[in-house]
K.L.:
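Have a look at this one before I ask anything.
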Amino acid sequence: MNRRQPTVSVIICAYTERRWDDLAAAVRSAADQSVTPLEVIVVSDHNVGLLERARRELPEALVLCNEEQRGLSGGRNTGVRAARGDVLAFLDDDAVAAPDWLEHLLAPYRDPTVIGVGGSIEPLWPGVRPRFMPDEFDWVVGCTYRGMPTTMSPVRNLIGANMSVRRDVFDAVGGFRTDVGRVGTRPLGCEETELCIRAAQRMPGTQIVFEPRARVRHRVTDERAGWRYFRSRCWSEGLSKAVVSRHAGRADGLSSERTYVTSTLPRGVARGMRETVTQRDAAGVARAAAIVAGLTITTAGYAAGTVRAL
C-alpha cells in the first residue's frame, strides 16, 4: 500500500435488540466522522429480528447476517469478507466513537510497516465508577487500563472495542479464530490478541500501534459494574489466555502479561494502600484487594485452561 490516505470500512457486530439504542448510536458515530468511512457494516449474530430491524432502521449501514458459527469472531470474519476498505476498523455495538476517531486511527498507516492501530476506550459507567474497581483492571469491562501507553506507541495487541487492521493482514494470516472469544454474554475474549500475535509472527518487520487520541466511549451496564462480573471476567480471561498461549506459544502469548504482573499491578497495590493513608480513602484498600484477587482468579483460570488442553 502506498502512502495515500487508505480507505476504511467500519465493522460493528451485534447480537441482541436489547442494545438497540447503543447500536444505533454506534452506527451514527461511525458514519459521522471527520474522515468519512467507505462503508459502515453491521453484522447480526444469527438474530433474525435484529437483522430485519437493522435493515429497516439503519439506512447508513450495510447489514449482514453472521455466516459463520455464532459468536463475535464469526461475526467479525463475516464483516471482513464483505468489506472493501484498505483498513478495517472494528467498533463495539455499545461504544460511541469521537468525531475524529478515524482521523487519528488512520494517521499511523502512513508508515507502511504499521499493520494495525487501536485507540483508547473510556468506560461509561452506569452512574459513578465502582469504588472497588482499580484502573489497572478496566480491561474487565473492555476498556483501556492503567499500564497502557499514554502516547502513540507500539504494542503487542489491540483491544477489540476500538481497533483497526489492514486488509492485507487478513489476506496473509486469515481471520479471527472462532475457538477464542465472546459468544453472546459469555465473558470470554482474546480473539483480537491471538490475531495480533499471529500477524506479528507471520509478518516480521511490521508493527501494531496504540494511538490514544483515537477515542471511543464504551458503555458499562449495571451487571458489568459489579463484583460478580469482575470475578467471572477474570476467570474467563485466564481461560482465554490459555487458548492464546496454546496457539501462539507461551513466550508471545504471555509477553505483555509478564510486565503487567511484575510492574503495573504491584504499583497499583501500593497506590491503593497509599491512598487509604494519605487521602483517607477507605476504598483504596478495596482496590488493592481487588488487584490481588483479580490476579489470583485470572491465574487460576489460566491454570484450569492449560490443564483442560492436556
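The model shown is predicted, which means the values in this text are computed figures rather than measured ones.
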K.L.:
Are the side chain of Ser236 and the backbone of Arg233 linked by a donor-acceptor contact shorter than 3.5 Å?
P.N.:
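The answer is no, because no donor-acceptor pair under 3.5 Å joins these two groups.
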K.L.:
Phe137 and Leu124: same hydrophobic cluster, using ILVMFWY side-chain contacts below 4.5 Å?
P.N.:
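No; tracing contacts between hydrophobic side chains, which count when under 4.5 Å, never links both residues.
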K.L.:
Nearest heavy-atom pair of Pro149 and Phe210: which atoms, and what distance?
P.N.:
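Reported closest heavy-atom pair: O-CE2, 3.2 Å.
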K.L.:
Measure from the side-chain N and O atoms of Thr206 to the backbone N and O of Ala200, and report whether any donor-acceptor pair falls under 3.5 Å.
P.N.:
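Answer holds: no.
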K.L.:
For the CG atom of Asp252 and the CD atom of Gln201, what is their distance to the nearest 0.5 Å?
P.N.:
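So the CG of Asp252 and the CD of Gln201 are separated by 4.5 Å.
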K.L.:
What do the steps show when you test Leu106 against Gln5 for side chain to side chain contact (heavy atoms under 4.5 Å, CB included), and what is the final call?
P.N.:
CA-CA 7 Å; Leu106 293 175; Gln5 172 108 328; 3.8 Å; yes
K.L.:
How long is the gap from CD1 on Ile41 to CG on Leu64, to the nearest 0.5 Å?
P.N.:
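Rounded to the nearest 0.5 Å, the CD1-CG separation comes out at 6.0 Å.
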K.L.:
Taking the side chain as every heavy atom from C-beta outward, state whether His247 and Asp179 have any pair of such atoms under 4.5 Å apart.
P.N.:
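The answer is yes, as the side chains (C-beta and beyond) meet within the 4.5 Å cut-off.
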K.L.:
Please tell me whether Val40 and Leu38 are part of a single hydrophobic cluster in this structure, the criterion being side-chain heavy atoms less than 4.5 Å apart.
P.N.:
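No, it is not one cluster - the side chains of Val40 and Leu38 are not joined through contacts under 4.5 Å.
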K.L.:
Mind listing the closest non-hydrogen atom pair of Val220 and Pro123 along with its distance?
P.N.:
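Reported closest heavy-atom pair: CG2-CB, 4.0 Å.
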K.L.:
Please name the pair of heavy atoms, one in Gly85 and one in Ser9, separated by the smallest distance, quoted to 0.1 Å.
P.N.:
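In this case the closest contact between Gly85 and Ser9 is N-OG, 2.9 Å.
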K.L.:
Before accepting this row, confirm whether a basic side-chain N of the pair Asp135/Arg129 lies closer than 4.0 Å to the acidic partner's carboxylate O.
P.N.:
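Salt bridge flag = yes for Arg129 with Asp135.
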K.L.:
Only counting residues at least two apart or in another chain, list the ones meeting side chain to side chain donor-acceptor pair (under 3.5 Å) with Thr144.
P.N.:
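Once residues adjacent in sequence are excluded, Thr144 has no partner under the side chain to side chain donor-acceptor pair (under 3.5 Å) criterion.
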K.L.:
Measure from the side-chain N and O atoms of Glu60 to the backbone N and O of Val27, and report whether any donor-acceptor pair falls under 3.5 Å.
P.N.:
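No, because the side chain of Glu60 does not come within donor-acceptor range (under 3.5 Å) of the backbone of Val27.
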K.L.:
Would a 4.5 Å heavy-atom cut-off, applied to side chains only, mark Leu50 and Thr16 as touching?
P.N.:
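They are not in side-chain contact.
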K.L.:
In sequence, state the C-alpha distance, the side-chain angles, and the governing distance for Glu68 and Arg81, and then conclude on side chain to side chain contact (heavy atoms under 4.5 Å, CB included).
P.N.:
CA-CA 11 Å; Glu68 296 189 3; Arg81 282 192 297 273; 2.7 Å; yes
K.L.:
Do Asp100 and Ser34 have side-chain N/O donor and acceptor atoms under 3.5 Å apart?
P.N.:
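No, no side-chain donor-acceptor contact under 3.5 Å.
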K.L.:
Would a 4.5 Å heavy-atom cut-off, applied to side chains only, mark His218 and Val141 as touching?
P.N.:
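Not touching, per the 4.5 Å side-chain cut-off.
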K.L.:
Flag yes if Val155 and Val165 sit in one hydrophobic cluster, no otherwise; membership is Ile, Leu, Val, Met, Phe, Trp, Tyr, and two members link when side-chain heavy atoms are under 4.5 Å apart.
P.N.:
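Result: yes, single cluster for both.
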K.L.:
Using atom types as modelled, flag every donor-acceptor pair under 3.5 Å from a side chain in residues 287-304 to any protein atom, sequence neighbours excluded.
P.N.:
{"unit_1": "Arg287", "atom_1": "NH1", "unit_2": "Arg131", "atom_2": "O", "d": "3.1"}
{"unit_1": "Arg287", "atom_1": "NH2", "unit_2": "Glu275", "atom_2": "OE1", "d": "2.8"}
{"unit_1": "Arg287", "atom_1": "NH2", "unit_2": "Asp281", "atom_2": "OD2", "d": "2.6"}
{"unit_1": "Thr296", "atom_1": "OG1", "unit_2": "Val292", "atom_2": "O", "d": "2.8"}
{"unit_1": "Thr298", "atom_1": "OG1", "unit_2": "Cys234", "atom_2": "O", "d": "3.4"}
{"unit_1": "Thr298", "atom_1": "OG1", "unit_2": "Gly294", "atom_2": "O", "d": "2.7"}
{"unit_1": "Thr299", "atom_1": "OG1", "unit_2": "Leu295", "atom_2": "O", "d": "2.8"}
{"unit_1": "Tyr302", "atom_1": "OH", "unit_2": "Arg250", "atom_2": "NE", "d": "3.4"}

K.L.:
What do the steps show when you test Ile121 against Asp138 for side chain to side chain contact (heavy atoms under 4.5 Å, CB included), and what is the final call?
P.N.:
CA-CA 9 Å; Ile121 308 163; Asp138 277 4; over 6 Å; no
K.L.:
So which heavy atom on Met203 is nearest to which on Ala172, and how close?
P.N.:
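What the structure gives for the nearest pair is SD-CB, 4.3 Å.
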K.L.:
Got a donor-acceptor contact below 3.5 angstrom from the Asn66 side chain to the Gln69 backbone?
P.N.:
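Yes; at least one donor-acceptor contact below 3.5 Å.
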K.L.:
What pair of heavy atoms forms the shortest contact from Pro37 to Leu102, and how long is it?
P.N.:
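Where Pro37 meets Leu102 most closely, the heavy atoms are CB-CD1, 3.9 Å.
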K.L.:
Looking at side-chain heavy atoms only, is the closest gap between Leu51 and Val63 below 4.5 Å?
P.N.:
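A side-chain contact exists here, since the closest heavy-atom pair is under 4.5 Å.
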K.L.:
Can you tell me how far the SG atom of Cys196 sits from the CD atom of Glu191, to the nearest 0.5 Å?
P.N.:
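Rounded to the nearest 0.5 Å, the SG-CD separation comes out at 10.0 Å.
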K.L.:
Is any side-chain heavy atom of Arg76 closer than 4.5 Å to a side-chain heavy atom of Val43?
P.N.:
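They are not in contact (no side-chain heavy atoms under 4.5 Å apart), so the answer is no.
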K.L.:
Are Arg267 and Arg146 close enough, and set up right, to give a side chain to side chain contact (heavy atoms under 4.5 Å, CB included), and what steps lead you there?
P.N.:
CA-CA 10 Å; Arg267 287 200 301 267; Arg146 187 188 293 268; over 6 Å; no
K.L.:
Find out if a path of hydrophobic residues (ILVMFWY) with successive side-chain heavy-atom gaps under 4.5 Å connects Val96 to Leu58.
P.N.:
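No, Val96 and Leu58 fall in different hydrophobic clusters.
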K.L.:
Quick one: which of Asp22, Asp21, Asp94 gives a salt bridge (charged side-chain N to carboxylate O under 4.0 Å, His left out) with Arg219?
P.N.:
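Only match with Arg219 under salt bridge (charged side-chain N to carboxylate O under 4.0 Å, His left out): Asp22.
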K.L.:
Check whether more than 12 heavy atoms from other residues, nucleotides or ligands sit under 6.0 Å from atom CZ of Arg217, and answer yes or no.
P.N.:
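Open.
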K.L.:
Donor-acceptor check, side chain of Gln33 to backbone of Ala98, threshold 3.5 angstrom: yes or no?
P.N.:
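At least one qualifying donor-acceptor pair exists.
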K.L.:
Applying ring pair (Phe, Tyr, Trp, His ring centres under 6.0 Å) as the test, list every pair that has at least one member in residues 53-95; sequence neighbours left out.
P.N.:
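Non-adjacent pairs meeting ring pair (Phe, Tyr, Trp, His ring centres under 6.0 Å): Phe90-Phe176.
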K.L.:
Does the Arg167 side chain pair with the main chain of Leu88, one donor and one acceptor, at a distance under 3.5 Å?
P.N.:
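Looks like no, no N/O pair under 3.5 Å.
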K.L.:
With heavy-atom distances below 4.5 Å as the criterion, would you say the side chains of Met273 and Val285 are in contact?
P.N.:
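With C-beta onward as the side chain, the pair touches.
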K.L.:
Please report the closest heavy-atom contact between Val209 and Met152, naming both atoms and the distance.
P.N.:
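Where Val209 meets Met152 most closely, the heavy atoms are CG1-CG, 3.3 Å.
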K.L.:
Going by the rule ring pair (Phe, Tyr, Trp, His ring centres under 6.0 Å), which residues pair with Trp227 if we only count those two or more places apart in sequence or in a different chain?
P.N.:
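With sequence neighbours excluded, Trp227 shows a ring pair (Phe, Tyr, Trp, His ring centres under 6.0 Å) to Phe132, Phe230, given in chain and number order.
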K.L.:
Between the side chains of Arg215 and Glu122, is the shortest nitrogen-to-carboxylate-oxygen separation below 4.0 Å, so that they form an ion pair?
P.N.:
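No, this pair does not count.
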K.L.:
Is the backbone of Asp45 close enough, under 3.5 Å, to the side chain of Arg70 for a donor and an acceptor to pair up by distance?
P.N.:
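Yes; at least one donor-acceptor contact below 3.5 Å.
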K.L.:
Among all residues two or more places apart in sequence or in another chain, which pass the salt bridge (Lys or Arg N to Asp or Glu O under 4.0 Å) test with Arg53?
P.N.:
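Checked Arg53 against salt bridge (Lys or Arg N to Asp or Glu O under 4.0 Å); matches are Glu17, Glu57.
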K.L.:
Can you tell me if CZ on Arg228 sees more than 12 non-hydrogen neighbours from other groups inside 6.0 Å?
P.N.:
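No, CZ of Arg228 has 12 or fewer neighbouring heavy atoms, counting only those of other groups under 6.0 Å.
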K.L.:
Counting C-beta onward and ignoring hydrogens, is there a side-chain heavy-atom pair between Glu257 and Glu237 closer than 4.5 Å?
P.N.:
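Sidechains of Glu237 and Glu257: no contact.
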K.L.:
Supply the atom-to-atom distance Leu91 CG to Ile11 CD1, rounded to the nearest 0.5 angstrom.
P.N.:
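Output value for this atom pair is 11.0 Å.
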K.L.:
Assess, by modelled atom type and distance only, whether the side chains of Thr78 and Glu67 contain a donor and an acceptor separated by less than 3.5 Å.
P.N.:
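Glu67 and Thr78 do not have a side-chain donor-acceptor pair below 3.5 Å.
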K.L.:
Test your reading of the model: is there a side-chain donor-acceptor pair from Arg156 to the backbone of Gly253, 3.5 Å cut-off?
P.N.:
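Indeed, once roles are kept as given, a pair shorter than 3.5 Å links the two residues.
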K.L.:
Membership question, hydrophobic clusters at under 4.5 Å side-chain separation (ILVMFWY): are Ile197 and Leu254 in the same one?
P.N.:
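They do not share one cluster, since no chain of ILVMFWY contacts under 4.5 Å joins Leu254 to Ile197.
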K.L.:
Kindly indicate whether the side chain of Leu265, heavy atoms from C-beta on, has any atom under 4.5 Å from the side chain of Glu136.
P.N.:
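Result yes, sub-4.5 Å side-chain heavy-atom pair found.
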K.L.:
When rounded to the nearest 0.5 angstrom, what is the spacing between CG in Leu195 and OG in Ser73?
P.N.:
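Taking CG in Leu195 and OG in Ser73, the distance rounds to 9.0 Å.
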K.L.:
Do Ser44 side-chain atoms and Asn47 backbone N/O form a donor-acceptor pair below 3.5 Å?
P.N.:
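Between the backbone of Asn47 and the side chain of Ser44 there is a qualifying donor-acceptor contact (under 3.5 Å).
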K.L.:
Do any pairs count as a ring pair (Phe, Tyr, Trp, His ring centres under 6.0 Å) and have a residue in residues 23-52, sequence neighbours left out, and if so which ones?
P.N.:
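Not a single pair qualifies under ring pair (Phe, Tyr, Trp, His ring centres under 6.0 Å).
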K.L.:
Please tell me whether Tyr109 and Ser164 have a donor and an acceptor in their side chains that are separated by less than 3.5 angstrom.
P.N.:
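Yes - a donor-acceptor pair under 3.5 Å links their side chains.
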K.L.:
Between atom OG of Ser232 and atom CZ of Arg224, what is the distance when rounded to the nearest 0.5 Å?
P.N.:
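Answer for the OG-CZ pair, Ser232 versus Arg224, is 10.5 Å.
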